[in-house]
Amino acid sequence: MTSSQLLILLTIIVYLGITIVIGIIFNHRGGASSASEFYIGGRGLGPIVTAMSAEASDMSSYLLMGLPGLAYLAGLAEVTWTAVGLAVGTYLNFLFVARYLRRYSARLGAITIPEYFSRRYGDDRQVLSMIAALIILIFFVPYTASGFKAVGTLFNSLLGINYHAAMIAGAVVIVLYTALGGFKAVSTTDLIQSVIMSAALVIIIFYGIHIAGGFDVVAANARELPGYLNIFEGHDAASGTAGSFGALPVVSTLAWGLGYFGMPHILLRFMAVKDEAMLKTSRRIASVWAAVSMAVAILIGVIGLAISRSGVLPFLGTSSESETIIIQMANLMSRSNAFMAVIAGIILAGILAATMSTADSQLLAASSSMSQDLLQGFFGIKLDHRKTMLAARGTVILIAVIGVILAWNPESSVFRVVSFAWAGFGATFGPTMLLSLFWKRSNRQGALAGMVAGGITVFVWKFLIAPLGGVFSIYELLPAFIVCLAVNVIVTLLTPAPDSAVEKLFDEVHTR
């Protein structure tokens, strides 16, 4: 290992050590002293932590790997519309969902999304909670696996460390501070991670422009590639020709924004904020940060391609390779001198932060689904405080192990795995959440049927219909979201209205 690689590794180790210390601190402060504290921090988050922990847990490894890699390989078409959909979705989620979900969940005493659904509809048998918990487990495990994969790729690409060993080590660190400190530790580390992610983006963009020979060179390189800068075409790297990105693909890609209404790890931040009045500040911070960070990430992909075409870096011709462009640029930076090696370490810690900030939140949400919603809610297993916390922490470890197994293949694409899991949550929880908050007539039969129909449609469309091509090759989130919404409404109208207590609570929440 060279001296520059050693400095990078030491910088990253310091960062990882800080995250574990945070977990220990919150464990001693009682951050995991009860189920409410462990899962939603006792509803005590401030506006800045709410905003930045939501965005850090949202942006995951696709911000510093997926988006730059897609821009690098295919131009601006798909990646631009994806970013627009996500930016708009972020704003609308904070605007419409956050306040009412905070209000509703507090009135109901719900500390998980599945628990909210069951209590919102007066589902005493906890069937809604059980189905929602299973959905979380089904889609969060591969989502978490994509984060572990990113950790392994980072250390393997940069330092030559064995992919599997690096992935396991990263998973162990994430599990440690999540299991020790619970939601407050996760949210605090997410805030720190968002700062590191921002610093990484700013540093790498200026360094990349310098290495490429200036912004004019970067722009000229992009203009030379057919369709690369055209958001209605895109570039086909394999053939070197312009692609085609018409109205249907645009609408399909914008549908990424619909996913926000159903993301448990983001929705939990709304439930955890100290006061709903703080959400206005949170919305502004989150919306600006999301838009700017994604724009910079896309630009880094464009800059990275210019550097590759100049011969300074090799061409990264596959999805899994192109997603390492920031890693390659940081590695190049580290060869300059000791100071630049430390800066490169900060950049790579940013990639690690992006990965960890999502994986920890997913582990926590999945843990709550297993121990809180399935074991205690649906199966009615009575657990005292000590056993509840043991079940929660044990579930974190179990899901992490499964995630490591699923991420064992180093050739999988971070962006593609995340997109499927995103579709799963968006299409099952998204319409269900919106109707539960804004439609008084909505009932548990409709919610249950809609979630099941949406989840099935995601799989059917992805693996059976989309391969047919043509108009069917749209992102599975859009048709599945529509199916879930339609089935929910139809079944609700065909079944009895909710009882008076459910309707009375709805009126109270909306007239406050």
Side-chain angles (χ1 to χ4, degrees), residues 12 15-17 19-24 26-27 31-32 35 38-39 53 56-57 60-62 65 112 133-156 161-190 193 263-265 268 351-375 388-410 412 414 417-418 420-421 424-425:
I12 293 175
Y15 165 71
L16 293 176
T19 62
I20 294 175
V21 169
I22 290 172
I24 294 172
F26 278 103
N27 184 53
F38 190 78
Y39 292 130
S53 66
S57 65
S60 72
S61 50
Y62 74 74
M65 294 182 74
T112 70
L134 289 176
I135 289 171
I136 286 176
L137 292 173
I138 289 169
F139 288 108
F140 259 158
V141 170
Y143 208 150
T144 304
S146 73
F148 294 160
K149 187 265 178 188
V151 174
T153 299
L154 170 69
F155 286 100
N156 178 256
I161 296 174
N162 180 269
Y163 167 83
H164 299 115
M167 179 179 62
I168 292 171
V172 168
V173 171
I174 294 169
V175 167
L176 275 176
Y177 75 75
T178 302
L180 283 171
F183 189 83
K184 284 186 177 178
V186 165
S187 297
T188 302
T189 53
D190 284 352
Q193 286 156 353
M263 291 300 128
H265 54 302
L268 282 174
I351 296 178
L352 199 58
T355 299
M356 294 170 65
S357 61
T358 301
D360 56 22
S361 298
Q362 292 161 350
L363 282 172
L364 201 60
S367 166
S368 67
S369 296
M370 176 65 79
S371 61
Q372 190 77 16
D373 301 314
L374 286 179
L375 295 182
T388 296
M389 300 314 300
L390 284 175
R393 288 167 171 148
T395 306
V396 167
I397 295 171
L398 175 63
I399 291 170
V401 170
I402 298 172
V404 167
I405 293 171
L406 291 178
W408 206 251
N409 178 14
S412 59
V414 170
V417 173
V418 168
F420 180 68
F425 286 122

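One-based numbering along the sequence shown. Heavy-atom basis, side chains included; hydrogens, waters and symmetry copies ignored.
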Asker: I need the minimum non-hydrogen distance between H164 and W408, along with the two atoms involved.
Answerer: NE2-O, 2.9 Å
Asker: Spell out, as yes or no, whether a donor-acceptor pair under 3.5 Å connects the side chain of N156 to the backbone of N162.
Answerer: no
Asker: Could you give the distance from CD1 (I135) to CZ (F425), rounded to the nearest 0.5 Å?
Answerer: 8.5 Å
Asker: Mind checking what makes side chain to side chain contact (heavy atoms under 4.5 Å, CB included) contact with I405, not counting sequence neighbours?
Answerer: V401
Asker: Partners of I138 by side chain to side chain contact (heavy atoms under 4.5 Å, CB included), sequence neighbours excluded?
Answerer: F459
Asker: Restricting to non-hydrogen atoms, name the atom on A166 and the atom on G152 that form the minimum distance, rounded to 0.1 Å.
Answerer: CB-CA, 4.1 Å
Asker: F139 versus F420: any side-chain heavy-atom pair under 4.5 Å?
Answerer: yes
